[in-house]
Structure formats: C-alpha cells, structure tokens
Amino acid sequence: MSDWLEHQLNKRFEGMEHPFDAEAAWQQLEDRRKKRKRGFAWWWYTGGALLVLLLLGSWALFIQLEKQPESQLNPKNQVITPSLAAPVAAGSDKQKTQSAVFQQPKMTNLLPTSPQQDVFRKRISSQVLEPTLLPEVHAPTPQIIEDIDFLPSPDFVVESSSVLPLLQSIPPKALPGLGSPHSKSSSTPNAWLFAGGYGITQSTTTGALPALASIDGIDHWQTELNYRYFLTDQLWISTGVAYRQFTTRVNAQDTSFRAETQEDQLIQVIQYPDGTSEEIYGPLDVMVREITQRQHWQQHSSLELQLLAGYQADLGTRWHWSFGTGISWGYVLSRQGIGQNPLNPSSWQDLRTLSYRNTTPFRWIGVTDLSFQWSETWGFFLGVQGGWDLSNQWQASSPDIQGGMDQRFKWATGTIGLRFHGF
Amino acid sequence: MDSLENILTQCQKGEAKAEKALFLRFAPRLFGLCRRYSRDDQEAQDFLQECFLHIFQQLKKFDPDRGGFENWLFRVATNHVLGILRQQGKAPTMIYPENLPESGPDIIQDTIIDQVSDTALLAAIRKLPEGYREVLNLYVFEQWSHRQISFHLGISESTSRSQLTRAKQLLKKILLSTLSTYTHERLA
C-alpha cells in the first residue's frame, strides 16, 4: 500500500468483527447443506434408477429373445421357414428337398461359431432326413431363400451337389441371418462408436459492448466414445464422453484511465430548504479513457458428457445414415498467453491458467454420420458434428451482465471413427 | 475441542460439532469480509454460508506446514467470493463508458474518512461499482499485489492500478456527498 488513505482504510477494518446472530447463521447453513445433499441424492437416485431400468429392459429383451421359438426367431431374415422346420414326414417333396440341401453330413461342424450361426446350425441339425433323399433333389422354392443375399444360388447348390465346400468358402461376415446390425430383430443392434476429428471454431461476441473484443477460432480437435442404443429399428439414444481441445485468438481492448484536470467545471449543486439552489464551479478531475489494443491466445481443453438422440436410416444392407441432436456438458480448463505461434502453448509468454469452469448450461450438438458395416461386429463411419455453446447467451440475458464480455462459441468438426456392434 | 488444531482435526473427519465450533469462531470476521464484497447484508450472509460450505469441503487440503490457518481461510474465502461474483456475472473486468461514474471534485482530503463512521464507510464502499470495489478490497484489505489481482481477475496490471485510483477518488466523493447530506439534514 502506497498512501495514507489505503493505510487508514485497512486500519479501520482490520480484524473487525461484525456482530451478528452466529447461531441463526449456523442453522441456516445447516439447512442449506441438507437441502443441497437432498438435491445431490435426488440426482444420484434418479440416475441410478434410470440405469437400473435400462439394465432391466436390456435383460428382459435378451430373455425374450432367448425364449422365442426358433420358428419365430429372426422373422425378417429367416433362413428356414417354419414349414421347413416341420418334420420331414409331414412335408411335401419340395420341402424335403430344400431341407436336404442343408443337411450335408459334416457341414455343421465346420461352420464358425457366432450366435447367429449357432441358430443356423441348430436348425439344420434338427432336421432328420433320409440320406436316400439326396439324389432326388430338385430346384427349391425360390421364396425360401429370398433373404439370403450371400448364399450361392440354390440351383447351383443342387446341380453341383457340392454344398459343403461352398458353405465353407463363405466368409463369416456374409453368413445369412445377420441382416442389419441395427435392426431390433437382429441380435446385435447396439454399438460403441469411437471417433476423432478436426474442425473449426467460431465465436461471436454479443452483449453490452461487442466492439471491445472479438474471438477467432484457430483449431479444434476432438475425440469421443459413445454408446448408441437402439430403441427401435431406427430410433436411437446415445451417451458418451468427448474430449475437445480448441485454440482461439482474442482481439481485446484494454481500458485504462488517466486523470486530467479541467477548470471551471460544475462540481456540486446544493439544494437549500427554501427551494433555491446553488451551483459550485471549480477545477474538475476528469478521467480520460484510454484504449490499448491487445491480442492473445487461449487454449481450452474440455471433458464433456454427451447425451444424444436420433434417427438412423438404412441405405441397403451395409450402409446407414444417422442424424441426431442432444446436449453436451462438462468442464473446461483454459490457458492464455501471448506468443508467435498460437498453436504451441509451450512457447507462449505470460502463460496463465484460467480457472476450471463448467460449460454451463450446456452446448447444443448436432451430429450426422454415414457408416459402413464392414462385418457383423464392426464398421467405419464418417461424420460431421456441430456445436453451439449456449452458456454465454444465457449470461447475456442476465441483468447483471452489464460490462461483461459475452462469448458464444460455435464449432463444426469432421470426424472419422470405428463402430463396434453387438453389445 | 477448544484448540484450533483439535477443531481442525475433527472437522477434517467431518464432525458436525467441530464444524460448528469453527464457524462460530471465524464467522464474525469472515462476515466482515463478505460485507465488503456484497451489496447488502443478506447477500453477505449468502456469501458467508457459501464460503463455509466450500471451506468444509476444502479443509482436507489445508497443510499447516505451508502457512497459518487464518491466512488460508481468508484466502480461500476471498477466492470463493470472487468465484461467486464471477458466476453471477457481477465481476466485470473492464469499466465501460456508460458505466463511468460522474467525476468528482479535484481535491478531497484523504482525512475525510476520519469524519465518517465505520458504517458509513462500509456503505460508501458498497456503493462503488463492482469492478472498483473488487480491486479496492483485494488491494487494500486483502493486500494482494496488482500482479495477483490482474491474474485472478483477468485484467492487465495497468487496469488494476487505474481502477484502484479511480475507486479511491470515487470513494472520497461518496463520503463527501454523505457528509454534505448529513449537514443539510442537520440544517433543515
């Protein structure tokens, strides 16, 4: 402290105790703490209840699928129709013929052992046919295999009379019965999505004085892991975490004030009880505002929780187009400094770590992606994400924000990733 | 339970009685700090409660080898109050032209503060714009340097200095106005 006034002020308030009802204040604090604990508990219980419901729902669905008769299982992509599963003796010659095609002696032992193929194998092995039927094989009924995209032509199977090598040559991904990996009638509807991407950030300043600062986006990296759960064949919800890192350039104006004395200025107006007034003139100390242009960099790292919902359209057997929207909320650490290279924070001078803060209230996110199912368990996808930080817009609507600098971040990122099915 | 060390040990274990003892011991002084940053006593009470809730959470991080408890306590409380103000959007880092107070007389003697009561002085501090009040509080009462203030408030050091100068001038003007109102009331 450099002057007498500061010393005096400090002296007047130093160690000063303000009498107040401490017991009542403590009681209020206890009440506030209890209320807050109840609030936390509510969120935990609600979250826990939702999780339990989700698990129970998944379990019930799983049990239901397990208990379904084979003849009703997977109706969309049925390989063998109920009529084929009936005893051979009750069927027609045509049915016997079709069953016989799949009743090759060593075939079931050579098939790979995915769940779908187990079902397939079980059904085949349940057919008991006389070997003597084999020579009588003729062309099967076409509609029986209409959904089997990857099997060779039945005509070819019959005429070549060498089904086993052909079945062995079929790669696992092409085995029938899988259908769309996202279909609820399939056994692998849900997916983990792992993605990374690069994009752009834009920011606009709004609020009281947008001219005082502007912010340019420099880069934006992100990586994320999401779990996408299909409620129906097309509708999905997903949750996951995302790590984003983006750099911005702040073009700011520092405001400072310089004292300047002006003579003969109105200092004070004194109102007298009789209604008259007196104006007092004299030298007036006027503060002159000085503006200094400043530019610095800020790097923000955020870890966010994402909740999304959307729709998926099937573009054929392997291609899918998804789009959805949701919210993202988390914590961000910001650093700022000045340097030649904005993309290299280690070179920044005057580096400051700004406080952690949450991205309250949240960002709106929009996502869309095109995915390709490479096999029954995984695939690729290309996506685009866009986000809009709503937090500062809310601040701008506050009456207390006067004089604050409002920022609104918008970003768009191209992503590429892997998609794992069957969870 | 009476010694501060015992109270702190028990508080770190989450003992409610110890927390109450800690509250009763330091609340009056912390209330003074909160009053200087708030606009009225109700807001000061809110600040005080939020500060203590935060302090109880942070108490495990207190390391007696790194300094006294009181210093730590007031430091944490100050930071928390600043954080609350920032969350509420009440901590502008710049003063804009439309918010500038009217300029005052050129020379007002510093000794004017000797002519007013503590209550009037506190009321005058509370009338300062948020930015001025924060810088004045941090520099004069918390005895932070301009470098520390600029770091925590995200402003330049020159801005911190100019806001302090301006805050003191405005404070004196407010005190003068208080005195002249008082004088007129007496005359009437």
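We name chains A, B, ... by the order of the sequence lines, and we start the count at 1 in each one.
Heavy atoms closer than 4.5 Å to chain A are found nowhere in Thr119(B), neither backbone nor side chain. Neither the backbone nor the side chain of Leu33(B) comes within contact range of chain A, judged by heavy atoms closer than 4.5 Å. Only the side chain of Arg35(B) comes within contact range of chain A, judged by heavy atoms closer than 4.5 Å. Of the two parts of Asp46(B), the backbone and the side chain both hold a non-hydrogen atom closer than 4.5 Å to a non-hydrogen atom of chain A. Neither the backbone nor the side chain of Leu30(B) comes within contact range of chain A; no heavy atom of the residue lies under 4.5 Å from a heavy atom of that chain.
No side-chain heavy atom of Leu29(A) sits under 4.5 Å from any side-chain heavy atom of Glu19(B).
No other option in Ser160(B), Ser145(B), Ala27(B), Gly83(B) has as many heavy-atom pairs under 4.5 Å with chain A as Ala27(B). Across Glu30(A), Arg33(A), Gln8(A), the residue that shares the most heavy-atom pairs under 4.5 angstrom with chain B is Arg33(A).
We find the NZ-CG distance between Lys172(B) and Leu5(A) to be 6.0 Å, quoted to the nearest 0.5 Å. Between atom CD of residue Glu23(A) and atom NZ of residue Lys20(B) there is a gap of 4.0 Å, rounded to the nearest 0.5 Å. Taking CD of Gln45(B) as the start and CD of Gln28(A) as the end, the distance is 5.5 Å to the nearest 0.5 Å.
More than 12 non-hydrogen atoms from other residues, nucleotides or ligands lie less than 6.0 angstrom from CD of Glu278(A).
Ring-plane geometry between Phe56(B) and Trp26(A) is classed as perpendicular, the angle between the planes exceeding 60 degrees on a 0 to 90 degree scale with a lower cut at 30.
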